[in-house]
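Please read these numbers as outputs of a predicted model, since none were measured by experiment. Note that these values count all heavy atoms, side chains included, but never hydrogens, waters or copies made by symmetry. Just follow the structure's listing: the first ligand is 1, and inside any ligand the first atom is 1.
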Amino acid sequence: MRRWNGWGDETFTYPLAADAAAFLAEVLGPVTPPHDATLAEVVAAVPASRLPAHPMVDTDAAGRVYHARGQSLPDWIALRSGRIPAFPDGVAYPAEEAQVRDLLAYARSVGARLIPYGGGSSVVGHVNVLPGDAPVLTVDMGRMSCLLHLDEVSHLATFGAGVFGPDIEAQLRVRGFTLGHYPQSFELSSLGGWIVTRSNGQQSLGYGRIEAMFAGGRLEAPAGTLVLPPFPASAAGPDLREAVLGSEGRLGILTEATVRIRPVPEVEEFRGVFFPNFEDGQAAVREMMQARLPLSMLRLSTATETETTLAMAGHQDLIRLVKRFLALRGIGEERCLLIVGMTGGRSTVRFGRDEALAIAQRHRGVHLGTTFGKEWRKSRFRNPYLRNSLWEAGYALDTLETATQWSNISHMIEVIEAALRPGLQDIGEKVLAFSHLSHTYPWGSNVYTTYLYRIPANGDPEETLRRWQALKTAASRAIVAAGGTITHQHGIGLDHQPYLQGEKGPLGVAALHDLCTRFDPAGMMNPGKLVS
Ligand SMILES: Cc1cc2nc3c(=O)[nH]c(=O)nc-3n(C[C@H](O)[C@H](O)[C@H](O)COP(=O)(O)OP(=O)(O)OC[C@H]3O[C@@H](n4cnc5c(N)ncnc54)[C@H](O)[C@@H]3O)c2cc1C
């Protein structure tokens, strides 16, 4: 069962190791565990539903709590404190397209607003219910999760859009195929959610972003059905898949999606390389990208992230040995870890590895084999569970991300971290902030920054939120001022909306409004998200 107020399956925990707790206490100070509301308390506070009865609409209070918020830090603060300003009035679980059409007709007839819901893993407020007079119906797509058609000749698979990552891979792998889309939320996020938020998997370098995988599908909108055939390419005017990608539930409900798949790779390996500093590492990564090497992942951590990762990993004896060895090779305190992934046929993997390691060596990189790569792979979907333990200890954690051109990467990291680290100085609080590059392109890269701060000792949710607002605003402004996109992979939702106009311009935002009105003339689809 999914946690109602945190990340992941409630049967799995990732405890904070003693070394890690000591490290954080040293950097940020001692913490007091906050007091969380119980599910029973929150369920008891859910108001009566305003929706007229319908056989497909479940108005049970617990289901409405589970669908009230996503996974952003403001969502966590609301859920953990039990101070949730609005709940959906009901949740529907359609199993087929005709039922989705029925729900749209029902919502129109009763004046309800409708929020499509995949895994609820949004980190920017996409699925949140906003207070208002109209009743809200959340449409959970989880039952539309079957493999509907597999064209083995063309390498195309059509799924119900509510299918989660592990189900996609399970249904494809028994037939010898893979999609290869692995966001860190893989376990609890859906194909439809990935497409309409322009999600990016950890191995997008090899498999491509979701945009490259999305071949076509069907969208049920209040104004009708949009059918997108899975052509390999087309010159028939603007590509309407682009209208669906990033639409964030505003245009309609994606009921099925055809994706471009590949045979399960013969070999996959992840290797660790340490560089003496971030500039050397960055130069190596850029050269690998511009040489168009057949790699599936490049993940370069800054010195602070490298140090934090090593400190949080446990295994302190081994880490001491590694540090000693690196010091003998001229790599000291500014060391930066790069994980390089290779995926594919044996000869392609061999070629990619040899070329990448040769480039790394030219930039003073020291290759340490597959140990760090294996460790990264083992933890790739486990790490988000640490956020539960951190919260329960007394630390709030959030991430933010952008993308910019190579010539601007160092500056971008500098300004983001410079906005975050002193961001709570006025109240005498410290902020731990560190970054990595994990989605790289020949012309630039994303920057992904994690930051932690203390939850106030009295656990006051408003103060915890105020701290988040101060940090998020400072970092977002710094990103925009430094010429980055407000989001490389998380989408706009609610939290990034103030920055959308700066990126798209007034004409661009007006065109997005017009698009929403064309598909949804009465404004019933996920109002207030993407553009308000
Ligand atoms: C721990 C963690 C790690 C993450 N890692 C990554 C990462 O590596 N890469 C990345 O890109 N993102 C990541 N995210 C963010 C999030 O997982 C993505 O935005 C994901 O694409 C959301 O998918 P979902 O199914 O959970 O959608 P939801 O959160 O349920 O919904 C997101 C938006 O999509 C709409 N929607 C959902 N399904 C449909 C549908 N069928 N039709 C129409 N609209 C729909 C909703 O209305 C909403 O606006 C992470 C989040 C968490 C919590």
Practice item. Can you sort out which atoms of ligand 1 are near G120, meaning under 4.0 Å from one of its heavy atoms? Key: 26 (O), 28 (P), 29 (O), 30 (O)

**Study point:** Taking atom 38 (N) of ligand 1 as the reference point, the nearest protein heavy atom with its distance
**Key:** G193 N, 3.6 Å

Review point. Should you measure from each heavy atom of S190, which atoms of ligand 1 turn up under 4.0 Å away?
Key: 24 (P), 25 (O)

Review point. When the ring planes of Y182 and Y207 are compared, do they come out parallel, tilted or perpendicular, using 30° and 60° as the limits?
Key: perpendicular

**Study point:** Polar contact flag, side-chain donor to acceptor under 3.5 angstrom, Q489-S199
**Key:** no

Review point. Have H513 and R518 got a donor and an acceptor in their side chains that come within less than 3.5 Å?
Key: no

Practice item. Note the single closest protein heavy atom to atom 12 (N) of ligand 1, along with its residue, its atom name and the distance in Å. Key: H490 CD2, 3.8 Å

Review point. Which is it for Q489 and ligand 1 at heavy atoms under 4.0 Å: side chain, backbone, both or neither?
Key: both

Check your understanding: Which ligand 1 atoms are under 4.0 Å away from a heavy-atom of G249?
Key -> 44 (N), 47 (O)

Point to revise | Pair E268 + R377: basic N to acidic O under 4.0 Å | key: yes

Review point. Do any N/O atoms on N200 end up under 3.5 angstrom from N/O atoms on ligand 1?
Key: yes

Exercise for review: List every atom of ligand 1 that sits less than 4.0 Å from any heavy atom of P384, numbering the atoms from 1 in the order shown and giving each element.
Suggested key: 1 (C)

Check your understanding: Looking only at side chains, do Y441 and Q405 share a donor and an acceptor under 3.5 Å apart?
Key -> no

Review point. By number and element, which atoms of ligand 1 are closer than 4.0 Å to a non-hydrogen atom of M141?
Key: 41 (N)

Review point. Counting both backbone and side chain atoms, is some N or O of Y182 under 3.5 Å from an N or O of ligand 1?
Key: no

Revision key, fill the gap. For atom 3 (C) of ligand 1, the closest protein heavy atom turns out to be S185 N, 3.5 Å

Point to revise | From E187 atom CD to R380 atom CZ, the distance as rounded to the nearest 0.5 Å | key: 12.5 Å

Review point. Under a 4.5 Å cut-off applied to non-hydrogen side-chain atoms, are F177 and I168 in contact?
Key: no

Exercise for review: Check the side chains of S49 and T59 for a donor-acceptor pair under 3.5 angstrom, ignoring hydrogens and angles.
Suggested key: no

Practice item. Taking only Lys NZ, Arg NE, NH1 and NH2, and the carboxylate oxygens of Asp or Glu, determine whether R3 and E10 approach each other closer than 4.0 Å. Key: no

Practice item. Identify the residue among N5, D36, V65 that makes a side-chain contact (heavy atoms from CB on, under 4.5 Å) with V42. Key: V65

Check your understanding: Starting from atom 21 (O) of ligand 1, which protein heavy atom do you reach first, and at what distance in Å?
Key -> T197 OG1, 2.9 Å

Review point. At a 4.0 Å threshold, what atoms of ligand 1 neighbour a non-hydrogen atom of L254?
Key: 40 (C), 41 (N), 42 (N), 43 (C)

Check your understanding: Does even one non-hydrogen atom of E248 get within less than 4.0 Å of ligand 1?
Key -> yes

Check your understanding: For atom 36 (N) of ligand 1, what's the nearest protein heavy atom and its distance?
Key -> V196 CG2, 3.5 Å

Review point. Which protein non-hydrogen atom lies closest to atom 43 (C) of ligand 1, naming both residue and atom, and how far is it?
Key: G252 O, 3.4 Å

Revision key, fill the gap. Candidates T255, T138, V124, V127; heavy atom nearest atom 31 (O) of ligand 1 found on V127

Check your understanding: Quick check, are the ring centers of Y453 and Y395 under 6.0 angstrom apart?
Key -> no

**Study point:** Note: E305-R299 ion pair, threshold 4.0 Å (strictly below)
**Key:** yes

Review point. Going by the atom numbers of ligand 1, which of them fall below 4.0 Å from some non-hydrogen atom of N526?
Key: 47 (O), 49 (O)

Practice item. Check each of G246, G493, G119, S204 against atom 24 (P) of ligand 1 and report the one with the nearest heavy atom. Key: G119

Exercise for review: Tell me which protein heavy atom sits closest to atom 48 (C) of ligand 1, plus the residue, atom name and distance to 0.1 Å.
Suggested key: H126 CB, 3.3 Å

Check your understanding: In terms of atom number and element, which parts of ligand 1 are under 4.0 angstrom from non-hydrogen atoms of S122?
Key -> 29 (O)

Check your understanding: Which is closest to atom 26 (O) of ligand 1 by heavy-atom distance: G8, S438, G192, S121?
Key -> S121

Exercise for review: Quick one: pull up SG in C336 and NE2 in H436 and give me the separation to the nearest 0.5 Å.
Suggested key: 13.0 Å

Review point. Do any N/O atoms on G118 end up under 3.5 angstrom from N/O atoms on ligand 1?
Key: yes

Exercise for review: Please confirm whether R2 makes a cation-pi placement over Y66, using NZ or CZ under 6.0 Å from the six-membered ring centre and within 45° of the ring normal.
Suggested key: no

